[in-house]
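The chains referred to below are lettered A, B, ... by the order of the sequence lines, with proteins before strands, and numbering in each begins at 1.
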Number of protein chains: 2
Amino acid sequence: MPETSATEEPANQKPTPDRILAAASALFQAQGVRAVSVDAIAGQAGVTKRTLYYHFRSKDDLIAAYLTARDEPNLAAFRRWADAAGSDPAARVTALFHGLSRAVRHPKWAGCGFLRTAVELNTLPGHPAVVAARRHKQAVEDWLTAGFSALPPEAARTLARQVCLLIDGGFSLVMLHRDPAYMDRAGEAAAALVRGSLPAQAGGQNRT
Amino acid sequence: MPETSATEEPANQKPTPDRILAAASALFQAQGVRAVSVDAIAGQAGVTKRTLYYHFRSKDDLIAAYLTARDEPNLAAFRRWADAAGSDPAARVTALFHGLSRAVRHPKWAGCGFLRTAVELNTLPGHPAVVAARRHKQAVEDWLTAGFSALPPEAARTLARQVCLLIDGGFSLVMLHRDPAYMDRAGEAAAALVRGSLPAQAGGQNRT
DNA sequence: GTCTATATCTAGATAGAC
DNA sequence: GTCTATCTAGATATAGAC
């Protein structure tokens, strides 16, 4: 049969480490990091365990890589949802929770990966994955704080924390009860808190 | 005074099944249900594994028993904290979160057992322990709803859910960041939401 | 009812060929 | 870089004596 360049990968075939990490991420997200075995990851990626361990030092490394890789895209989605609503803080928060509500309604959604992993590794507070989870949640809180810059710094910080509490309360209770409506109630509560702290912006969609 | 029957246990020695369940509960609470082995439970209880399996059919049975046993006492604590504040809903919610804030500051606190266990067993939605967790959280929500009976039923239900979202958001973020202050911010948010929905009661906090 | 001892399975990680 | 085959440790659960 005709020979093509043997070193070129087909366009639809990602490099092996990427395939392994993608397989691990999908399985971790669906079943949690403790329920997924290295065998299952290798199988899903179409490689053997030996190959997996050639590219990653340990399962813990894979878990950390999984969460680290999700940090930026998650934050980008948050920003995208809020930015689409303009500049009014209450409208932005409402839009953020609309996005979250759609996300948790996705049939494959099975909890916030950061929160779940932090719970599963709770006895290892220094685990790189736990550190990554903490940093991601902190980044969300900092981003929200910046969005409340019309308030004094202390008040902006408090309000951002309260919105975070409602986000993660939503993640927790949607997962526990398997009822996405909890995220909608969280969004309404968050919007009410924002409206209670910030005067509605002049212009835009505020009412007088 | 005649001697008591030799079959009576000394007062400080609880029956074996109780000792096993107590040991299991302490370990599950501290480390999570998956991280604790049956060996460790038996060791902590001062019995062998064989004795443990004589009294409990499986580890899953023990997990379910652990959460089922915590349902009532947890709810009783919530009621006690709120009742101490009288009848004003906002004051009751504030007191509830003060109690929660003290609880999560306890050096041995390591997350809400119901939430943690539900996460750890997330792939088994029908597991008796997950069902018990769901029922407990529902009971809290129903109790809160009843406390907002001054509102129309639908509004009372919504407000109760929002308070629950803040409670479990607090549990999650206190655990993740290892910072109890999150529970205080949650309490302030909950009180603000209650004050926004319910007119403050006339008279002192104990008027009925 | 409680013990010692063990069965059985699955996990993460490795050896060495090619 | 990828494979087949295996090691070792730990898990849940059980057998059978006393």
Side-chain angles (χ1 to χ4, degrees), chain A residues 4-10 13-25 27-28 30-67 117 120-124 127-130, chain B residues 5-10 12-25 27-28 30-67 117 120-124 127-130:
Chain A
T4 58
S5 167
T7 58
E8 297 270 334
E9 297 280 352
Q13 180 84 327
K14 292 191 298 185
T16 305
D18 294 5
R19 289 213 326 277
I20 294 171
L21 182 55
S25 297
L27 289 169
F28 288 156
Q31 306 173 29
V33 296
R34 295 197 75 144
V36 172
S37 70
V38 175
D39 289 82
I41 297 168
Q44 179 85 1
V47 299
T48 62
K49 250 193 310 190
R50 196 63 188 85
T51 299
L52 186 152
Y53 277 106
Y54 176 83
H55 292 287
F56 293 90
R57 191 167 347 146
S58 65
K59 183 185 174 183
D60 283 326
D61 263 29
L62 260 175
I63 299 173
Y66 147 63
L67 281 194
T117 304
E120 295 198 67
L121 305 181
N122 190 38
T123 46
L124 311 165
H127 192 293
V130 176
Chain B
S5 156
T7 60
E8 302 261 337
E9 298 280 352
N12 61 344
Q13 179 85 327
K14 292 192 299 185
T16 304
D18 295 5
R19 288 215 325 277
I20 295 171
L21 182 55
S25 298
L27 290 170
F28 288 156
Q31 306 174 28
V33 297
R34 296 197 75 145
V36 172
S37 71
V38 175
D39 289 80
I41 297 169
Q44 178 86 0
V47 299
T48 63
K49 252 191 309 191
R50 195 64 187 85
T51 299
L52 185 153
Y53 278 106
Y54 176 83
H55 291 289
F56 293 89
R57 188 157 355 137
S58 66
K59 183 186 175 183
D60 284 326
D61 263 29
L62 259 176
I63 299 173
Y66 147 62
L67 281 193
T117 305
E120 295 198 67
L121 305 180
N122 191 36
T123 47
L124 313 165
H127 192 293
V130 176

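Regarding contacts with the backbone of dT2(D), every side-chain N or O of Tyr54(A) stays at 4.0 angstrom or more from both OP1 and OP2.
Looking at every heavy atom in both residues, Leu62(A) comes nearest to Ala24(A) through CD2-CB, 4.0 Å. Heavy-atom minimum distance, Lys49(A) versus Ala42(A): N-CB, 3.9 Å.
The nearest whole Å value for the distance from the CZ atom in Phe56(B) to the P atom in dT12(D) is 15 Å. The distance from atom CD of Gln31(B) to atom P of dA11(D) is 11 Å, rounded to the nearest whole Å.
In this structure, CG in Leu21(B) is found 11.0 Å from CG in Asp61(B), a value given to the nearest 0.5 Å.
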Practice task
Can you check each nucleotide of nucleotides 6-18 of chain C against protein heavy atoms at under 4.0 Å and return B for base, S for sugar-phosphate only, - for none, in 5' to 3' order?
Solution key: -----SBBBBB--

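Comparing atom distances between the Thr48(B) side chain and each of dT4(C), dT2(D), dG1(C) picks out dT4(C) as nearest.
Contact annotation: the side chain of Thr117(B) never approaches that of Phe28(B) to less than 4.5 Å [non-hydrogen atoms, C-beta and beyond]. The shortest side-chain heavy-atom distance between Ile41(A) and Val36(A) falls under the 4.5 Å cut-off.
Considering Val38(A), Ile63(A), Ile20(A) as possible partners of Phe56(A), the one that fulfils the side chain to side chain contact (heavy atoms under 4.5 Å, CB included) test is Ile20(A).
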